[in-house]
Amino acid sequence: MWDKDNTLETDKAWDAIHRYLSDGTTDFRGGSYPLNICILGGTQLYREEDYIINYVPPALTQISRSWFEEKYWQLPEDYDCDKGEEDLDYSWEYFCPMVEFFEKAAREGKPVIFTVDQ
């Protein structure tokens, strides 16, 4: 059972959010620290192909909507969604709670574990 007070879901927005925070790809080594480790970076805790489970340090800071939008429109052609305002808004709505979630984890000295099924 999940501890709902310490759980944050990003639905499918995790892919776009990672791309914004890194170099536009899903490569965890792309982009600049600490933003590039907030989703796919950190330490892999599971090595099979059906899930991604990573420990990531709670290192996310405030990011403006304008910065987020700029990164969105720069996503490469291999981004597997229809680019548009609806997709951008969807990603932004899931991203905003992440900042508070990471700040809370840092304050409380708790790890952040990212999981997604593939």
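Everything numeric in this text was worked out from a predicted model, so none of it was measured. FYI, side chains are in, hydrogens and waters are out, and symmetry mates aren't considered; it's all heavy atoms of this structure.
Remark: Ile52 CD1 to Thr26 OG1 distance equals 8.0 Å, nearest 0.5 Å. For the atom pair OG1 of Thr10 and CD1 of Ile39, the computed distance is 5.5 Å after rounding to the nearest 0.5 Å. Separating the OH atom in Tyr72 from the CZ atom in Arg65 is a distance of 10.5 Å, to the nearest 0.5 Å.
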Practice item. Starting from the C-alpha separation in whole Å, work towards a yes-or-no answer on side-chain contact (heavy atoms from CB on, under 4.5 Å) for Leu21 and Leu60. Key: CA-CA 10 Å; Leu21 298 177; Leu60 189 58; 4.1 Å; yes

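Side-chain N or O atoms of Ser32 include none that pairs as donor or acceptor with a backbone N or O of Leu35 at under 3.5 Å. Between the side chain of Asn54 and the main chain of Leu40, a donor-acceptor pair closer than 3.5 Å is present. Formation of a donor-acceptor pair under 3.5 Å by the Asp11 side chain with backbone atoms of Ala13 is not found in this model.
Remark: Glu49 CD is loosely packed, at most 12 non-hydrogen atoms of other residues, nucleotides or ligands lying under 6.0 Å away. Crowding of Lys12 atom NZ: a count of heavy atoms from other residues, nucleotides or ligands under 6.0 Å not exceeding 12. Within a 6.0 Å radius of CG in Asp78, more than 12 heavy atoms belonging to other residues, nucleotides or ligands are found.
A pairwise comparison of heavy atoms in Arg19 and Pro76 identifies NH1-CG, 4.4 Å as the closest pair. Across all their heavy atoms, Pro58 and Val112 have their closest contact at CB-CG2, 3.9 Å.
The side chain to side chain contact (heavy atoms under 4.5 Å, CB included) search around Glu70 returns Gln74, not counting sequence neighbours. Residues passing the side chain to side chain contact (heavy atoms under 4.5 Å, CB included) test with Ser64, sequence neighbours excluded: Ser66, Trp67. Qualifying side chain to side chain contact (heavy atoms under 4.5 Å, CB included) partners for Cys81, counting only residues two or more places apart in sequence or in other chains: Tyr79, Asp87.
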Output side-chain donor-acceptor pairs under 3.5 Å for residues 94-107, partner residues at least two apart or in another chain, one line each.
{"residue": "Lys104", "atom": "NZ", "partner": "Asp5", "partner atom": "O", "Å": "2.9"}
{"residue": "Lys104", "atom": "NZ", "partner": "Asn6", "partner atom": "OD1", "Å": "3.2"}

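The shortest distance between side-chain heavy atoms of Arg29 and Asn36 does not fall below 4.5 Å. Residues Cys38 and Val56 are not in side-chain contact: their nearest non-hydrogen atoms beyond the backbone lie 4.5 Å or more apart.
Listed by chain and number, the hydrophobic cluster partners of Tyr33 are Ile37, where partners are ILVMFWY side chains within reach of under 4.5 Å, directly or through others. Grouped by direct or indirect side-chain proximity (heavy atoms under 4.5 Å, Ile/Leu/Val/Met/Phe/Trp/Tyr only), Ile113 sits with Leu45, Tyr46, Tyr51, Ile53, Tyr55.
Using the six-membered ring where Trp is involved, Tyr20 and Phe68 have ring planes that are perpendicular, over 60° apart on the 30 and 60° scheme.
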